[in-house]
**Q** 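Pasting a structure below so you can have a look.
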Amino acid sequence: VKRLTHFLARLYPASWRKRYGDEFEALVEDAKPTWRHAVDVFRGAIKMQATTWTFSRIVLASVIAGALLSQAISLLLPAHYVSQILIQAKPGDESSVRLLNDLEQSVLSPESLASIIQTHNLYPRDRARKTLGEVVENMRKSIRVNPIHPNKEVIAFVVGFDYADGRVAQEVTNEIADRFIVGNYRAAENRARENRPRDSHLLLAALDPASLPVKPVAPNRISIAVVGVFAGLLAGIALSIVNRWRRAAAGLRAP
Amino acid sequence: MSDPSILVLSSRAEGAKHGYAMMEDIERFAGIRLGPGTLYGAITRLEERGFIRGLDSEDRRRPYTLTAAGRKHLEAEIAILGEIARTATRRLKHA
């Protein structure tokens with residue numbers, strides 16, 4: 001305990017140790033240090049550090065603490081990867097738009113998504129805690145279907161899926177694209193059996209396989225670090241003001 | 001009466017003392033054993049406010065003495081504490 005207490009005494013600010021260090025060490029020796037004394041010396045050192053730090057030192061320390069804390073938080077946040085696939089539909093008329101809307105509803109229906117979840121064993125943690133309906137709803141929020149540059153000749157749209165594992169995200173995106181294409185064939189077969197008009201024929205093709213995401217889209221560590229630094233800056237300024245106010249209230253000089 | 005600054009000033013009112021002597025004295029008259037960190041926190045604040053002054057010493061155990069400002073401050077604090085004690089005693093009698 002004696003050695004620990006002497007070590008803890010070194011945590012006091014250098015300027016304080018220069019003035020009181022020798023007599024403080026003598027007191028620690030005379031008082032036969034206990035664990036309670038060691039805690040008391042540690043607490044005293046922290047308080048003395050806090051009261052002797054200048055404005056710039058408090059702000060700098062807070063900014064560094066904010067940056068480190070934000071990076072620690074960003075490491076704890078789960079990574080997200082987005083895989084995308086471009087699908088082309090012909091022709092680009094209103095009839096195709098209607099057929100595509102029907103296909104989208106079918107592919108993203110609760111039954112279809114539940115089947116994908118089970119096939120790829122998605123969201124194992126969520127499935128242990130939530131109902132399948134809730135998990136399906138979450139999955140739907142992770143799927144994006146965005147049309148790009150529609151014209152009379154062709155409709156192109158991007159299907160994207162956001163997941164914690166890039167390779168799985170790619171597999172599922174390919175599966176969703178397959179379901180669009182296979183669903184379109186089946187719908188065309190049904191229309192042929194029912195002798196529906198030929199203008200309702202839709203050609204659908206994936207232009208490339210789904211992309212394999214290498215970098216996560218989230219968490220954005222740079223944005224989180226900027227927020228952490230800014231929060232640290234504000235906290236540092238607030239702490240300095242409180243420190244000055246407390247010292248002024250106690251009739252002490254500003255550090 | 002557990003404010004370390006008042007305890008330290010009260011101990012020095014008797015004469016100059018170094019840290020350990022003060023720690024023992026405070027335990028004797030107040031029944032409180034101040035830790036080294038708490039004691040020197042109070043000494044630092046009191047010296048900075050000009051209420052005590054360190055004397056020259058041949059060894060590492062520097063004695064501190066009360067200044068005129070420290071005596072005035074201690075008298076003011078004791079007056080407040082005395083008034084609180086008198087009021088509390090009076091109220092307890094009528095309770």
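Within every chain, numbering begins at 1; the chains are lettered A, B, ... in the order of the sequence lines, protein sequences first and strands thereafter. FYI, side chains are in, hydrogens and waters are out, and symmetry mates aren't considered; it's all heavy atoms of this structure. As the structure is a computational prediction, the values presented were derived from the model and not from experiment.
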**Q** Counting only heavy atoms not in A/Gln71 (residues, nucleotides, ligands), do more than 12 fall under 6.0 Å from its CD?
**A**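 Enclosed: over 12 neighbouring heavy atoms sit under 6.0 Å from CD of A/Gln71.
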**Q** What part of B/Phe51 is in contact with chain A, defined as an atom under 4.5 angstrom from a non-hydrogen atom: side chain, backbone, both or neither?
**A**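 Neither part; nothing is under 4.5 Å.
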**Q** When rounded to the nearest 0.5 angstrom, what is the spacing between CZ in A/Arg19 and CD in B/Glu47?
**A**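 The CZ atom of A/Arg19 sits 4.0 Å away from the CD atom of B/Glu47.
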**Q** Among the options A/Phe42, A/Phe24, A/Tyr12, pick out the one with the most heavy-atom pairs lying under 4.5 Å from chain B.
**A**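 Looking at each option in turn, the highest pair count goes to A/Phe24.
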**Q** For a side-chain hydrogen bond (donor to acceptor under 3.5 Å, both in side chains) with B/Arg60, tell me which candidate from A/Glu29, A/Glu23, A/Glu25 qualifies.
**A**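 Filter result, single survivor: A/Glu29.
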**Q** Please give me the minimum heavy-atom distance between A/Met48 and B/Gly41, naming the atom from each residue.
**A**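 It is CE-CA, 4.0 Å.
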**Q** Around atom CG of A/Leu76, are there more than 12 heavy atoms from other residues, nucleotides or ligands closer than 6.0 Å?
**A**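 More than 12 heavy atoms, drawn from other residues, nucleotides or ligands, come within 6.0 Å of this atom.
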**Q** Do B/Arg61 and A/Asp30 have side-chain heavy atoms sitting under 4.5 Å apart?
**A**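 Result yes, sub-4.5 Å side-chain heavy-atom pair found.
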**Q** Looking at every heavy atom in both B/Pro36 and A/His37, which two are closest together, and how far apart are they?
**A**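 Minimum heavy-atom separation between B/Pro36 and A/His37: CD-CD2, 3.5 Å.
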**Q** Minimum heavy-atom separation for A/Ala31 to B/Met23, with atom names?
**A**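 Reported closest heavy-atom pair: CB-SD, 3.9 Å.
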**Q** Got a sec: does the CZ of A/Arg140 have more than 12 other heavy atoms crowding it under 6.0 Å?
**A**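 Yes, because the 6.0 Å sphere around CZ of A/Arg140 holds more than 12 heavy atoms from other groups.
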**Q** Let me confirm one number: the OH-OG1 distance from A/Tyr20 to B/Thr44, rounded to the nearest 0.5 Å.
**A**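 Rounded to the nearest 0.5 Å, the OH-OG1 separation comes to 4.5 Å.
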**Q** Main chain of B/Thr38, side chain of A/Asp40: is a donor-acceptor contact present, judged purely on distance under 3.5 Å?
**A**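 Confirmed, A/Asp40 side chain pairs with B/Thr38 backbone.
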